[in-house]
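Notes follow once the structure below has been shown.
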Amino acid sequence: ESKALLGIGNPLLDISVVAEQALFDKYKIAAGTATLAEEKDQPLYEEIVKFPDVSYIAGGATQNSIRGAAWMLPESCKTHFIGCIGSDANGTTLKETAEKAGVTTHYDISSKNGTGCCAVLVNKEKERSLVANLAAANDYNPEHFKSQEIQDLIKDIDIFYSAGFFLTVSPETMVDIGKFSLENGKTFVVNLSAEFLINFFWDQMNTVLPYADYIVCNETEAAAFAEKSGWDKTNLEEAATKLSQGEKQTKSRTVIFTQGSQSTIVAIDGKVTTYPTPKIESDKIVDTNGAGDAFAGGFLSGLLLGKTIEECVKAGNCGGGTVIQREGASYPETCDYTW
């Protein structure tokens, strides 16, 4: 039978460069972080587009994950994406990249701002830092979700996915999805996405998490969440256990903490298991941009196909392992993963 996945998030065009430490220092950007652009960051965009090796890649965490899922899933499964773009060339690029990957887009169009972009700075350790200028992505109108087109669409969706980044735009839409998912026996997957969201959008995050059947994040975000919750931030297995038993509307909750090349921690309603991550030789790694998004994409594919949690993690590792060997969140033409 045909299953369907819908992502809602911030569609952004990645502007990616390999940068010296001096550039990180100049804009006070730490390695491996994701932040929203401030006033001080505005000149960064003009600066990096002049780099000879600059590349433009379709980005935005949620859309990256949905493209990854489309890449891994059989043709019979449908993938959809909702977000807001501007009516400009960058918006067209994002739409074309998504549609070429097999994702059906349902964009809200901003009349105020151009399509959002994200500066991706890759250091010599191949770690990526993201500075997002949301622009049109921030203009998403919650009424778009309530429109007839989208209300008809969601009836046929099995899994909803949203990166935490959307908390800065429309947490009420995420809650709407959570409630719809709960009332209609669907699955809602949320990614915590970035430390700044845990630190500065904590209240919004906690309006959404009670509706999440699955919560995904990486080790840095997991430690930040533990610290903010008053738990031991050095014991991530305990943090996963506690988060899986946290306040929830859903019957069950699964928490997935990825840890780069280290094993993945999974806690299901208080019971924790770890799964090893296949090693990828460092000389094969291009950059880590989009690796976490691709893990989520693979994981969502497994969920949609009704696979075991172990198989979902394995598919996630395939997604992440593929993307770190490529520039940005890009996927090969075909997927040879066998379920």
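Given the structure is predicted, the values throughout are model-derived calculations rather than measurements.
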S147 side-chain N/O to E143 backbone N/O, donor-acceptor pair under 3.5 Å: no
Has the side chain of S181 got a donor or acceptor atom that lies under 3.5 Å from a matching backbone atom of K186? yes
Measure the shortest side-chain to side-chain distance between D14 and Y56 over non-hydrogen atoms and say whether it is less than 4.5 angstrom. no
More than 12 heavy atoms of other groups within 6.0 Å of K40 NZ: yes
Within the structure provided, determine whether L300 and Y214 are in side-chain contact (heavy-atom separation under 4.5 Å). no
Can you tell me if N199 and E195 form a side-chain donor-acceptor pair at under 3.5 Å? no
Gap separating the OH atom of Y45 from the SG atom of C118, nearest 0.5 angstrom: 6.5 Å
Would you say S65's side chain and D293's backbone share a donor-acceptor pair under 3.5 angstrom? yes
Nearest-0.5 Å distance that lies between atom CZ in F299 and atom CG in N191: 11.0 Å
Are K95 and E99 within salt-bridge range, i.e. N to O under 4.0 Å? yes
Measure from the side-chain N and O atoms of S2 to the backbone N and O of S76, and report whether any donor-acceptor pair falls under 3.5 Å. yes
Going by an N to O cut-off under 4.0 Å, is there a salt bridge joining D176 and K179? no
Value for CD1 (I324) from CD1 (I280), rounded to nearest 0.5 Å, stands at 4.0 Å
Do you know which two heavy atoms are closest between A163 and M174, and how far apart they sit? O-CE, 4.1 Å
Would you give the length of the straight line joining atom CZ of F166 to atom OG of S193, rounded to the nearest 0.5 angstrom? 12.5 Å
Locate the shortest heavy-atom distance separating Q63 from L94; write the atom from each residue and the value. NE2-O, 3.6 Å
Return yes if a side-chain donor-acceptor contact under 3.5 Å exists between N218 and T220, otherwise no. yes
Mutual orientation of the aromatic rings belonging to H144 and Y140 [parallel < 30°, tilted 30-60°, perpendicular > 60°]: perpendicular
In this structure, would L303 and L73 fall into the same cluster of hydrophobic residues linked by side-chain contacts under 4.5 Å? yes
D283 atom CG: more than 12 heavy-atom contacts under 6.0 Å: yes
For V169, is there any backbone N or O sitting under 3.5 Å from a side-chain donor or acceptor partner on N138? no
Would you indicate whether the side-chain heavy atoms of L130 and N289 approach each other to under 4.5 Å? yes
Should the pair E333-K100 be classified as a salt bridge under the 4.0 Å nitrogen-to-oxygen rule? yes
Going only through I, L, V, M, F, W and Y residues with side-chain contacts under 4.5 Å, is there a path from F295 to L197? no
Hey, what's the ring geometry for Y107 with F81, parallel, tilted or perpendicular (30° and 60° as the breaks)? perpendicular
Taking the side chain as every heavy atom from C-beta outward, state whether Y211 and I177 have any pair of such atoms under 4.5 Å apart. no
Strictly by modelled atom types, are N90 and T115 linked by a side-chain donor-acceptor pair under 3.5 Å? no
What pair of heavy atoms forms the shortest contact from D88 to G114, and how long is it? OD2-CA, 3.3 Å
How close do T241 and A267 get, heavy atom to heavy atom, and via which atoms? N-CB, 3.8 Å
In terms of hydrophobic clustering (I, L, V, M, F, W, Y; side-chain heavy atoms under 4.5 Å; direct or indirect links), are I157 and V189 co-clustered? no
Show your reasoning for whether side-chain contact (heavy atoms from CB on, under 4.5 Å) applies to K242 and V255. CA-CA 9 Å; K242 287 185 168 174; V255 172; over 6 Å; no
Aromatic ring pairing F196/F201, orientation class (parallel under 30°, perpendicular over 60°, tilted between): perpendicular
Going hydrophobic residue to hydrophobic residue with side-chain gaps under 4.5 angstrom, can you get from V49 over to L12? no
Is the number of heavy atoms from other residues, nucleotides or ligands within 6.0 Å of CD (E20) greater than 12? no
Derivation and outcome, side-chain contact (heavy atoms from CB on, under 4.5 Å), residues M205 and V208: CA-CA 5 Å; M205 187 176 276; V208 174; over 6 Å; no
Closest non-hydrogen atom pair, V190 against A212: CG2-CB, 3.9 Å
Quick one: ring pair (Phe, Tyr, Trp, His ring centres under 6.0 Å) pairs with a partner in residues 320-339, sequence neighbours left out? W71-Y331, Y337-W339
Distance (rounded to the nearest 0.5 Å) between D156 CG and H80 NE2: 8.0 Å
Is a donor on one side and an acceptor on the other found under 3.5 Å between the side chain of K3 and the backbone of L305? no
For L243 and R253: C-alpha separation, side-chain torsions, deciding distance, then whether side-chain contact (heavy atoms from CB on, under 4.5 Å) applies. CA-CA 9 Å; L243 180 52; R253 177 187 288 165; 3.9 Å; yes
Counting only heavy atoms from other residues, nucleotides and ligands, does the tally under 6.0 Å from NZ of K233 exceed 12? no
Search all heavy atoms of A226 against all heavy atoms of A239 and return the closest pair with its distance. CB-CB, 3.9 Å
What distance do L182 atom CG and F188 atom CZ have between them, rounded to the nearest 0.5 Å? 11.0 Å
Using atom types as modelled and distance alone, determine if a side-chain donor or acceptor of T288 lies under 3.5 Å from a backbone N or O of A291. no
Side-chain touch V54/I15, heavy atoms, less than 4.5 angstrom: yes
Taking G32's backbone N and O only, do any of them form a donor-acceptor pair with S129's side chain (distance below 3.5 Å, no angle check)? yes
Decide if atom CD of E247 counts as having more than 12 heavy atoms of other residues, nucleotides or ligands within a radius under 6.0 Å. no
Side-chain touch E47/K26, heavy atoms, less than 4.5 angstrom: yes
Report yes if the side chains of L5 and C77 come closer than 4.5 Å at any heavy-atom pair, otherwise no. no
Are E149 and H106 packed together at the side-chain level, in the sense that at least one heavy-atom pair is separated by less than 4.5 angstrom? yes
Return yes if some donor-acceptor pair links the side-chain N/O of R67 with the main-chain N/O of S330 below 3.5 Å, else return no. no
Test item: S162 side-chain N/O and I8 main-chain N/O as donor-acceptor pair under 3.5 Å: yes
Mind running side-chain contact (heavy atoms from CB on, under 4.5 Å) on I48 and V120 for me, showing each step along the way? CA-CA 9 Å; I48 63 173; V120 180; over 6 Å; no
Count I, L, V, M, F, W, Y as connected when their side-chain heavy atoms are under 4.5 Å apart, and connections chain through other members. Are I256 and I268 then in the same cluster? yes
